[in-house]
Amino acid sequence: MIREITAENAIVYLKETQQLPPEEDASAEALAWGVSNIVIRIGREAGDDYVIKQSRKQLRTQAEWFSQLERIWRELEVMQELQNLLPAGVVPRVLFEDRDNYLFAMEAIDKDHKVWKAELLDGKFDLSIAARLGKYLGAIHRLSFLNPLFEERWGDWKIFDQLRIDPFYRFIVRAHPEIKDWINDLIGEMEENRICLVLADFSPKNILIAGDQIHLVDFETAHYGDPAFDLGFFLSHLMLKAVFFREQGAHCLQLVECFWDQYLTEISSLSDAFEKETVKMSQQELERRTIRHLAACMLARVDGKSTVDYLSEADLQDQVHSFALSLILDPPSTIHQATLRLSEMQNS
């Protein structure tokens, strides 16, 4: 049995394990990070604050949803590797770990940080953030491209399946049985294109803004796989917010375009590798697969196990269904065409 850490017992635990001096005053505050872990900020008077994170087997969703506790070690390993792939400070450094209790500690981000999801829902659309995120995700994909060491370390998809493929893709077939074969084909296509490190949770809720610094958190679903999933997953969040803002959603669509342009610029140096290797990652092919994942992820966020909390109105959900299904039945050739289609649907 693991020792479950809460805001109420965290300080006692840290002193018993000698991660805090017995005489030091400290505070513990539970943070609202996702549904799959407990995350607690430790406030210190005699040193820098830090954050502890512990796995939970059952996720906090209405539908039953379970995942292996060991996923936290995948997250820790990926965080350590991202220190080599991204600029300093983008990903918090790991400070210590407790293997027996499936827990680790990381640097704390400035307490006055903003969550990009909240900023977007408040109508704050900063194109420079979208551009930097395109650069960061592009760098991760480019610098891990066809890396055999990464494939060996993170080629196991068990946790990715538990937290993404099953609750997102297979689950939506219950609401949309007509796309069962299409979903199965999408999953198979993704399995055939394992070519780089994929975060699989690159979303606005995991992007924290502190002054001019962007921080990325939450990497337990990371694996060696298809970059199109990362792209479709991320863009689905921006498209869903465009739906949320109705006729004013054009600002979110500008974020999509800005992110996509910067991402393509970042991976442009791989063009020669695309031609030499037997992988399906020309820009045209990557864009085609990205649009497929965009459609599936949008459906999953209104019909899957983990739905977004801002699209409760029936007419907005209907628009998501109509747009996503149109991407499946009549797929556009480019991301730009997809944004134009959503804009036209909103203004019709």
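Partners of H237 by ring pair (Phe, Tyr, Trp, His ring centres under 6.0 Å), not counting sequence neighbours, listed by chain and number: F233. Scored by the salt bridge (Lys or Arg N to Asp or Glu O under 4.0 Å) test, D166 finds R170 as partners (sequence neighbours excluded). Judged as a side-chain hydrogen bond (donor to acceptor under 3.5 Å, both in side chains), and not counting sequence neighbours, the contacts of E313 are R246. With sequence neighbours excluded, the residues satisfying side-chain hydrogen bond (donor to acceptor under 3.5 Å, both in side chains) with D98 are Y13, N101. By the ring pair (Phe, Tyr, Trp, His ring centres under 6.0 Å) test, H215 is found to be paired with no residue, residues two or more places apart in sequence or in another chain being considered. For E287, the side-chain hydrogen bond (donor to acceptor under 3.5 Å, both in side chains) partners two or more places apart in sequence, or in a different chain, are W260. Judged as a salt bridge (Lys or Arg N to Asp or Glu O under 4.0 Å), and not counting sequence neighbours, D122 has no contacts. Looking at residues two or more places apart in sequence or on another chain, you find a ring pair (Phe, Tyr, Trp, His ring centres under 6.0 Å) between F234 and F202, F259. Every residue two or more places apart in sequence or in another chain that forms a side-chain hydrogen bond (donor to acceptor under 3.5 Å, both in side chains) with E266 is listed here: K135, R142. Every residue meeting the ring pair (Phe, Tyr, Trp, His ring centres under 6.0 Å) condition with W154, not counting sequence neighbours, appears here in chain and number order: F150.
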Acceptor/donor pairs from residues 19-30 side chains to any protein atom, 3.5 angstrom cut, sequence neighbours excluded:
| unit_1 | atom_1 | unit_2 | atom_2 | d |
| --- | --- | --- | --- | --- |
| E24 | OE1 | R44 | NH2 | 2.9 |
| E24 | OE2 | R44 | NE | 2.9 |

Just list the side-chain donor-acceptor pairs under 3.5 Å for residues 328-335, sequence neighbours left out, or say none.
| unit_1 | atom_1 | unit_2 | atom_2 | d |
| --- | --- | --- | --- | --- |
| T334 | OG1 | Q337 | N | 3.0 |

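Under 4.0 Å is where a charged nitrogen must lie from a carboxylate oxygen, and between K53 and D218 at least one such pair does.
R301 places a side-chain N or O within donor-acceptor distance of the main-chain N or O of S306, the cut-off being under 3.5 Å.
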